[in-house]
Amino acid sequence: MTKRNPGTDVFTELGHTPAQLGFSEPAHGTGRTFPAEVSTSEISRQWTQVVTLLRKELGESTYQNWLCLMGCEGIDGGCVQLTAPSRFKRDWISSHLGEALLKAWGAVNGQVLRLDLRAKENAPGPSSSNISTNDAVTVASALPAQMRAENQIDPRNGQYGRLGAPLDPRFTFEDFVVGKSNEFAHAAARRVADSDNPPFNPLFLHGGVGLGKTHLMHAIAHAIRAQHPERTVLYLSAEKFMYQFIKALRDKDTMPFKEALRSVDVLMVDDVQFIGGKGSTQEEFFHTFNALIDHQKQLVISADRSPSDLDGIEERIRSRLGWGLVADIHPTDYELRLGILQGKAEIARRQMPDLQIAEAVLEFLAHRISSNVRDVEGALTRVVAFATLVRRPITVDMAREVLQDLLRASERRITIDEIQRKAAEYFNIRLADMLSARRARAVARPRQVAMYLAKQLTARSLPEIGRKFGGRDHTTVIHAVRRIEQLRESDNALNEDVEKLQRLLQG
Ligand code: ADP
Ligand code: MG
């Protein structure tokens, strides 16, 4: 079925063995690989999905002649690395299938912005991190999947280009939507960007994944570069910091690394929770950190948790990290998510004037996807990509269908406590009465409704529910459930109450 290309080991059936997909940087004897953004099995799964989609769309012969010759090496910062068996094939695929591939990737993984297509014959060694980028053909066009601009290396990285990581041109203050959960972090970031001398040092941003830490750091860098082109701003991830440092150690050439780091005006290190472990890297990080602070250079650090919770990092470093300003970003609320979605939809519409996204779809996404902005954005991108790919209008039903897996993952778990609280509030009785022995109809009925909802909306067993309602017997719960079922048939008002509560709980 699947053709194999003799002489290469790029692909197995349709998927790829994890080893062949390995793309994290080498661990250099630490026995540990650096955390990868997307796991290899996940990449393999996504690639299989992409190929399956395209096989359906483009037909069997395109699949046999081209698609199944390709390999997927990894995903790095929104860029998918694909290989073709030869230069000729690479060029053909790039010009004939590039767009389709990118669209399909967009439908499967909203984070994907562009593709790097390489000829396997030019790829030295088995480790994809060694594949030379010189020979890559990049596919990135104005596509639904790419509601985001291209993530190119900013030439102003200059001599730091190699050391630092590229800035995402979309991550600006202008594109950052401010809400209750992030206003403090945003204000702090703005202060840093607008001040000539460090207003607080370091600025330590922390919060869960996908809440905008990297976006704010890049925004600071963009703003400083725009206002003070002479200042050098270096942004890099903690992983990259470690990788560079370990590499310098191995090459016995740490001086240029140290000097480069210490000569910047602003140093930003993202995701420092990954700096744990290795004593010497921590040590170097700490020295750099101190040297820069001593010289009034601004430091901006981010992590997924507060300095004091950074385990695996030495106590003196942890406490020093908290010396400046610690600003946390909280999970987003509905309003902020909706605001962000409206912004992204607007950008998409600018790129695709025909695109119609109903407000109801945005509201649905803001309601149903988690608090992580990355997921919310990814969901929108996927819906848009799908709509363009299959030429269907974007409706709530369609979004529900396309996002099935995501919706399931973020489906809220409703608890009995929550049901009791909401029902007490709704019927205007005391929460304690949910558990009390009082039999007055005014409290007994709401209690029965709550028991009924606990049975319907949670996976709890009858005895468990009984226990939660003041240690009642499971037969009492059965009775309540039956009673409410009957009443829903005969009592319209009560039926409406139940439905309203159900909607309230299911958010
Ligand atoms: P983190 O670094 O905290 O994991 P990112 O900064 O990478 O999160 O944000 C994830 C995605 O969500 C990015 O595409 C970013 O642009 C977007 N995002 C996060 N917060 C906001 C916001 N307040 N306004 C607009 N986009 C946001
Ligand atoms: Mg980040």
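Because the structure is predicted, anything quoted here is derived from the model rather than measured. Ligands are counted one by one from 1 in listed order, and the atoms in each one are counted from 1 as well.
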When the ring centroid of F257 is compared with that of F241, is the distance short of 6.0 Å?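 Centroid separation for F257 and F241: below 6.0 Å.
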In terms of side-chain geometry, is the basic nitrogen of E377 or R374 positioned less than 4.0 Å from the acidic oxygen of its partner? no
Quick one: look at [X] and ligand 1, take heavy-atom pairs under 4.0 Å, and tell me if it's side chain, backbone, both or neither.
{"X": "K344", "answer": "side chain"}
{"X": "N182", "answer": "side chain"}
{"X": "I340", "answer": "side chain"}

Is a side-chain donor or acceptor of [X] paired with a backbone partner of [Y] at a separation under 3.5 angstrom?
{"X": "R382", "Y": "N109", "value": "no"}
{"X": "R349", "Y": "I357", "value": "yes"}
{"X": "Q298", "Y": "F200", "value": "yes"}
{"X": "N182", "Y": "V177", "value": "yes"}

Counting only heavy atoms, tell me which of E174, E377, H215 gets closest to atom 17 (C) of ligand 1.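 Nearest heavy atom to atom 17 (C) of ligand 1 lies in E377.
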Gap separating the CE atom of M217 from the CG atom of D270, nearest 0.5 angstrom: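 Interatomic distance, M217 CE to D270 CG, rounded to 0.5 Å: 4.5 Å.
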Taking the side chain as C-beta and beyond, is there a heavy-atom pair between D309 and H206 under 4.5 Å?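 Of all side-chain heavy-atom pairs linking H206 with D309, none is under 4.5 Å.
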Within the structure, does [X] bring an N/O atom to less than 3.5 angstrom of an N/O atom in ligand 1?
{"X": "F171", "answer": "no"}
{"X": "V177", "answer": "yes"}
{"X": "V209", "answer": "no"}

Check ring-ring contact (aromatic ring centres under 6.0 Å, His included) between H218 and all other residues, then give those that pass, not counting sequence neighbours.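 Listed in chain order: F171, Y235.
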Ligand 1 contact by G210, heavy-atom criterion under 4.0 angstrom: yes
Heteroatoms of the protein, restricted to N/O/S, which lie under 2.8 Å from the Mg ion (ligand 2):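 Near the Mg ion (ligand 2), the protein supplies T214 OG1.
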Minimal heavy-atom distance between V272 and I301, with the atoms involved, is CG1-CG2, 3.4 Å
